[in-house]
Amino acid sequence: MSSSQRHEPSAEVRQRRRLVIAGALSLALVAVAVVVIGAVSGGSAAGGSPAGSTGAGASASTDASTETATARPAPGVVPAPAVVDTFDRTAHSIDDPNSIWVVVNKLRPLDPQDYEPDLVGVPVAHTWEPLLRPEAADAVVAMFEAAADEAGLSLASNSAFRSYSTQVDLYGDGGDPTTAPPGASEHQTGLAIDIGAENGCTFECLETSPEGEWLRANAYRFGFLLRYPADKVDVTGYPHEAWHFRYIGAPLATEMHETGFTTLEEFFGLPHVPLNE
């Protein structure tokens with residue numbers, strides 16, 4: 001046997017060597033792949049997709065988000081909040097003649113019918129010297145002053161308190177539909193006043209005058225209500241009186257103004273009064 005034959009590895013040995021080398025290379029490639037994948041995954045988790053990325057992964061993510069948003073059901077219509085009436089309609093009596101809320105009409109006469117309140121003079125321009133209950137008198141003065149200061153208007157009193165006996169004389173045989181029966185007149189409460197202009201515009205003239213316009217827009221601020229509106233004749237039982245204002249206090253006047261009520265009968269749920277009642 002020659003020396004070359006003695007030292008040349010057999011085919012079996014060479015095969016084993018090749019397998020060992022191939023295995024080592026495979027392990028090395030796997031290790032490199034693990035390192036690369038780990039680095040890429042870590043960068044994506046830390047910083048997300050690069051700004052402006054338009055890769056397939058970003059596109060797929062955007063499409064999925066859009067699809068999710070589109071698939072979400074639209075919210076239903078939110079109902080309007082319920083309006084809760086917090087105004088206390090029982091704060092004052094509507095039956096007691098001493099109450100500033102007393103409701104007087106042809107179906108609701110004063111009790112007693114010859115009632116007469118405590119009265120004071122009202123220091124404003126007038127046709128006949130006006131007398132009213134103190135709280136109403138103070139409100140008239142404040143309202144007349146505001147009309148002068150805010151709009152340059154000069155208001156005047158044409159009629160205020162009228163006693164039971166005076167109403168007997170005025171009512172006569174009842175032929176005037178604008179005159180209340182004795183004991184059923186708001187003027188007898190000491191809370192009502194007929195207003196005109198100091199320049200002589202009175203009664204019907206107030207409907208189209210600047211004074212009447214200002215009163216219709218502002219009287220509620222001082223606690224007054226235009227008692228007999230033109231569109232509520234079948235509610236109040238009286239023809240329209242643009243000059244007749246009734247003191248009910250600022251809280252009630254403001255509540256009625258804000259809620260759209262124009263008559264005490266409707267606000268308090270009372271029977272309507274026919275015109276010929």
Side-chain angles (χ1 to χ4, degrees), residues 83-105 108 110 115 117-126 130-161 185-197 206 209-232 235-236 238 240-270:
V83 178
V84 179
D85 184 1
T86 59
F87 187 82
D88 185 4
R89 283 174 163 78
T90 65
H92 298 282
S93 171
I94 61 173
D95 303 310
D96 183 353
N98 292 303
S99 170
I100 62 171
W101 286 6
V102 62
V103 180
V104 182
N105 58 40
R108 295 175 55 86
L110 291 166
Y115 167 78
D118 293 331
L119 301 165
V120 297
V122 188
V124 296
H126 57 270
L131 298 175
L132 290 173
R133 286 169 50 169
E135 58 267 58
D138 291 343
V140 166
V141 171
M143 184 165 65
F144 281 28
E145 290 178 350
D149 294 341
E150 297 174 9
L153 301 174
S154 298
L155 301 178
S157 168
N158 290 325
S159 180
F161 170 74
S185 170
E186 283 206 325
H187 285 283
Q188 193 178 326
T189 67
L191 298 170
I193 182 171
D194 293 341
I195 303 175
L206 207 65
S209 70
E211 289 82 2
E213 181 179 355
W214 188 92
L215 285 167
R216 288 189 293 274
N218 295 281
Y220 78 93
R221 295 163 45 199
F222 305 91
F224 286 91
L225 172 71
L226 176 64
R227 185 64 176 95
Y228 305 124
D231 61 340
K232 295 301 172 69
V235 175
T236 64
Y238 289 103
H240 175 45
E241 295 185 4
W243 56 90
H244 183 106
F245 286 84
R246 159 68 192 277
Y247 181 75
I248 55 176
L252 176 55
T254 300
E255 177 71 10
M256 293 181 67
H257 176 78
E258 292 179 349
T259 55
F261 285 96
T262 57
T263 70
L264 295 174
E265 287 80 7
E266 291 173 308
F267 185 82
F268 288 112
L270 299 172

Colleague: Quick one: closest heavy-atom pair of Y115 and P97, and the distance?
Modeller: OH-O, 3.3 Å
Colleague: Could you tell me whether the side chains of Y238 and N105 share a donor-acceptor contact shorter than 3.5 Å?
Modeller: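 No, because no side-chain N or O of Y238 sits under 3.5 Å from a partner of the opposite role on N105.
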Colleague: Tell me, yes or no, whether the heavy-atom count around E213 atom CD, taken from other residues, nucleotides or ligands under 6.0 Å, exceeds 12.
Modeller: no
Colleague: Looking only at side chains, do T90 and D88 share a donor and an acceptor under 3.5 Å apart?
Modeller: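 Side chains of T90 and D88: pair found under 3.5 Å.
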Colleague: Give every donor-acceptor pair under 3.5 Å between a side-chain atom in residues 139-156 and any protein atom, sequence neighbours left out.
Modeller:
unit_1 : atom_1 : unit_2 : atom_2 : d
E150   : OE1    : R221   : NH1    : 3.1
E150   : OE2    : R221   : NH2    : 2.8

Colleague: Ignoring hydrogens and angles, tell me if any N or O in the side chain of S157 forms a donor-acceptor pair with the backbone of H126 under 3.5 Å.
Modeller: no
Colleague: Which residues pass the side-chain contact (heavy atoms from CB on, under 4.5 Å) test with P229, sequence neighbours left out?
Modeller: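 side-chain contact (heavy atoms from CB on, under 4.5 Å) list for P229, sorted by chain: D231, K232, T236, T262, T263.
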Colleague: Report yes if the side chains of I100 and R133 come closer than 4.5 Å at any heavy-atom pair, otherwise no.
Modeller: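 SC-SC contact between I100 and R133 confirmed.
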Colleague: Under 6.0 Å between ring centres, would you say that holds for F261 and F267?
Modeller: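 Yes, close enough.
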Colleague: Can you tell if the side chain of P130 reaches within under 4.5 Å of the side chain of L132, non-hydrogen atoms only?
Modeller: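 A side-chain contact under 4.5 Å is absent here.
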Colleague: Please examine the side chains of T189 and L110, heavy atoms only from C-beta on, and report whether any two atoms are closer than 4.5 Å.
Modeller: yes
Colleague: Would you say that Y220 contacts L226 through its side chain, given a criterion of any heavy-atom pair below 4.5 Å between the two side chains?
Modeller: no
Colleague: Is there side-chain contact between D95 and V103, with at least one heavy-atom pair below 4.5 Å?
Modeller: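 No, their side chains stay 4.5 Å or more apart.
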Colleague: May I ask you to decide if the ring planes of H92 and W101 are parallel, tilted or perpendicular, using 30° and 60° as cut-offs?
Modeller: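 Aromatic pair H92/W101 classed perpendicular.
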Colleague: Are side-chain heavy atoms of P117 and F161 found at a separation under 4.5 Å?
Modeller: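 In short, these two side chains touch, coming nearer than 4.5 Å.
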Colleague: Determine, for E265 against R227, whether the closest basic-nitrogen to carboxylate-oxygen distance falls under 4.0 angstrom.
Modeller: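 Answer for the salt bridge query: yes.
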Colleague: Ring centres under 6.0 Å, that's the criterion: do Y228 and H240 meet it?
Modeller: no
Colleague: Heavy atoms only: give me the nearest A137-G121 pair and the separation to one decimal.
Modeller: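 That would be CB-O, 4.4 Å.
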Colleague: Nearest 0.5 Å please: distance from the CH2 atom of W243 over to the CG atom of L206.
Modeller: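 Those atoms lie 9.0 Å apart.
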Colleague: Taking the side chain as everything from C-beta on, heavy atoms only, tell me whether L252 gets closer than 4.5 Å to L264.
Modeller: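 The answer is yes; the side chains approach within 4.5 Å.
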Colleague: Using the side-chain contact (heavy atoms from CB on, under 4.5 Å) rule, take L191 and E186 through it: C-alpha gap first, then chi angles, then the decisive distance, then the call.
Modeller: CA-CA 7 Å; L191 298 170; E186 283 206 325; over 6 Å; no
Colleague: Do the side chain of H257 and the main chain of E255 share a donor and acceptor less than 3.5 angstrom apart?
Modeller: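 Between the backbone of E255 and the side chain of H257 there is no qualifying donor-acceptor contact (under 3.5 Å).
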Colleague: Against F224, only a single residue in I193, I248, I195, L215 fulfils side chain to side chain contact (heavy atoms under 4.5 Å, CB included); can you say which?
Modeller: I193
